[in-house]
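Worksheet: one structure, shown below.
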Protein chains: 2
Amino acid sequence: MQHSHDNPEPALNQSVQDEIRQDIILGVLPSGSRVTESALAKKYGMSRVPVREALRGLEMEGFVVSRPYAGSTVAAIPVDEADDLFAVRESLESVIARRSARRAAAQFTAGQPDDGWWKTRKEIAGILQSGDAAVAADEQELLPDLNIRFHLAIAELSASTSLGALLRQIARKIEWLYATDVSSRGKHSWAEHWAIMAAIDAGNADLAGELMCSHVHQSWVGYASRFHGVGAELPARK
Amino acid sequence: MQHSHDNPEPALNQSVQDEIRQDIILGVLPSGSRVTESALAKKYGMSRVPVREALRGLEMEGFVVSRPYAGSTVAAIPVDEADDLFAVRESLESVIARRSARRAAAQFTAGQPDDGWWKTRKEIAGILQSGDAAVAADEQELLPDLNIRFHLAIAELSASTSLGALLRQIARKIEWLYATDVSSRGKHSWAEHWAIMAAIDAGNADLAGELMCSHVHQSWVGYASRFHGVGAELPARK
DNA sequence: TGACACGAAATTGTATACAATATTGCTTGA
DNA sequence: TCAAGCAATATTGTATACAATTTCGTGTCA
């Protein structure tokens with residue numbers, strides 16, 4: 001297909017990076033494993049070059065560590081950084097929610113309806129409904145993925161590539177920490193998403209930020225009680 | 001030099017990425033410029049491969065945008081994200097400072113003195129003295145670089161690679177926003193570094209976090225008054 | 001004149017080949 | 001038996017060659 005600048009062609013080798021990252025997160029490639037370019041190249045049926053770039057990306061994301069000429073190994077799961085990551089995420093997502101609300105307000109006051117905004121907004125609508133369906137059908141195993149997609153979509157709604165990149169990085173680390181366990185907080189956690197979205201739609205930055213802050217904090221509490229023990233002390237929500 | 005696993009060999013092609021990023025930050029490569037692999041390869045006297053990896057890294061950092069087969073261009077300076085970046089940085093660095101203080105406390109109570117900790121701690125001592133010297137000699141043009149190095153060193157002292165990576169990303173964006181202007185807040189801002197370091201050394205996490213939060217907030221105020229106008233409203237420091 | 005199609009040039013994506021380095025295992029000596 | 005040195009191997013770093021795709025200029029037709 002030539003002369004087509006509409007479909008962005010979903011980033012060829014990027015997919016390999018996603019696959020390897022998923023293998024790391026799911027524990028197929030445990031911490032400390034050696035990952036050689038040749039082996040991965042053979043596994044995915046391609047040359048070393050795309051694999052190499054994927055490994056470089058994963059190194060920047062903190063999933064592998066590399067030394068020149070000495071190869072790469074899967075990094076250690078950052079368990080001792082969990083609390084701090086949640087703390088930063090709480091602040092980050094709060095800022096993102098506020099920003100999304102401000103942009104939503106500008107969206108409705110300004111005359112022109114931004115095309116990209118509506119696209120993302122509709123995507124979120126779909127995610128929310130899928131989550132409700134999953135809750136209704138008691139298929140809670142679908143929620144973690146939908147949960148991440150919701151939060152990243154909100155970031156996209158904020159139209160801040162910088163903040164979006166930061167959230168992606170943190171969210172993936174937290175996904176790794178949860179590892180295979182995960183079950184989120186289930187129904188209750190999911191229901192909060194609707195309230196956040198409503199606050200953003202209303203252009204209420206203060207409320208959106210507050211709700212998101214609380215939402216993420218509860219997620220943190222859930223994580224801490226599961227992995228640190230129930231009574232683990234956490235800083236009060238700001 | 002063979003059989004030497006002491007000197008980590010400072011990351012060959014990584015240096016190219018640093019050089020290109022600096023060109024972008026300093027405006028040598030303005031936003032929207034096309035950056036082609038061939039041109040950069042010729043400029044730095046190497047093959048396309050290292051340059052390509054550097055560009056991929058810069059794309060992940062948000063300094064360039066690429067489309068498959070369509071090349072890369074320097075991204076837009078994220079001016080409208082400045083406030084939000086500062087807000088996140090305030091929280092992030094506060095967490096880092098708290099963490100550094102906790103680790104410092106553990107350092108002194110535990111018997112074994114961690115080698116890496118002392119190395120970083122001494123590096124910070126050097127940075128602080130260099131900054132004092134620059135202030136005394138009224139060479140304030142040296143402060144911005146020393147300032148970034150101080151904050152990144154504190155992050156290293158926290159022994160959290162995840163948080164360190166996040167700070168590096170944010171700090172570089174803010175460096176880009178300041179562009180060539182910069183002068184930091186000069187003497188007063190620099191003096192605060194000593195107090196932060198003292199709080200960390202004392203293992204006082206609450207104080208370290210508080211001081212760092214205030215410090216970054218003041219930096220934010222300085223930025224806002226310079227670029228948004230003096231009276232620009234900012235959220236109160238948490 | 002303007003729009004559209006087509007093709008040449010430029011650029012990126014991938015594969016392969018070679019150079020540089022680290023790792024591993026063996027040999028040697030005390 | 002163990003440590004140290006050396007060579008063989010494996011792996012990464014880089015260069016070059018080719019394929020795939022986009023972009024830009026040119027010509028044609030209405």
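All figures in this text were calculated on a predicted structure; none of them were measured in a lab. In what follows, chains are A, B, ... by sequence order, proteins preceding strands, each numbered from 1.
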Spacing of B:E37 atom CD relative to C:dG13 atom C1', expressed in whole Å: 9 Å
Nearest whole angstrom, please: distance from the P of C:dG13 to the CZ of A:R56. 17 Å
Short side-chain N/O contact to D:dA15 OP1/OP2 from B:R52, under 4.0 Å: no
Integer-rounded Å distance: C:dT12 P and B:L58 CG: 14 Å
Value in whole Å for how far the P atom of C:dA15 lies from OH of A:Y44: 15 Å
In whole angstroms, the gap separating C1' of D:dG13 from CE of B:M46 amounts to 12 Å
Round to a whole Å and report the spacing from CG of B:L55 to P of C:dT12. 8 Å
Name the residue closer to the 5' end of DNA chain D, choosing between A:S72 and B:Y69 according to the nucleotide with the nearest heavy atom. A:S72
Whole angstrom value for the distance that separates P of D:dG13 from CD of A:E53: 13 Å
Closest to the B:R67 side chain, choosing from D:dA15, D:dT12, D:dT23: D:dT23
Return the minimal non-hydrogen interatomic distance between A:L40 and A:L55, and the atom names on each side. CD1-CD2, 4.2 Å
Phosphate contact (D:dA15 OP1 or OP2) by A:R48 side-chain N/O below 4.0 Å: no
Contact class for A:V51 vs. all strands (heavy atom < 4.0 Å): base, sugar-phosphate, or nothing? nothing
Salt-bridge contact A:R102-B:D84 (side-chain N to carboxylate O under 4.0 Å): yes
Shortest side-chain distance from B:S38, nucleotide among D:dA15, C:dT12, C:dA15: C:dT12
Using the closest heavy atom to pick a nucleotide of DNA chain C for each, name whichever of A:S47 or A:A70 lands nearer the 5' end. A:S47
Do side-chain atoms of A:R103 reach the backbone of A:S158 as a donor and acceptor pair under 3.5 angstrom? no
Quick one: A:Q17 CD to C:dT14 P, roughly how many Å, whole number? 13 Å
Do you know the tightest heavy-atom contact between A:W176 and A:I25? CD1-CA, 3.5 Å
Going by distance alone, is a donor N or O of one side chain under 3.5 Å from an acceptor N or O of the other, for B:E61 and B:Q17? yes
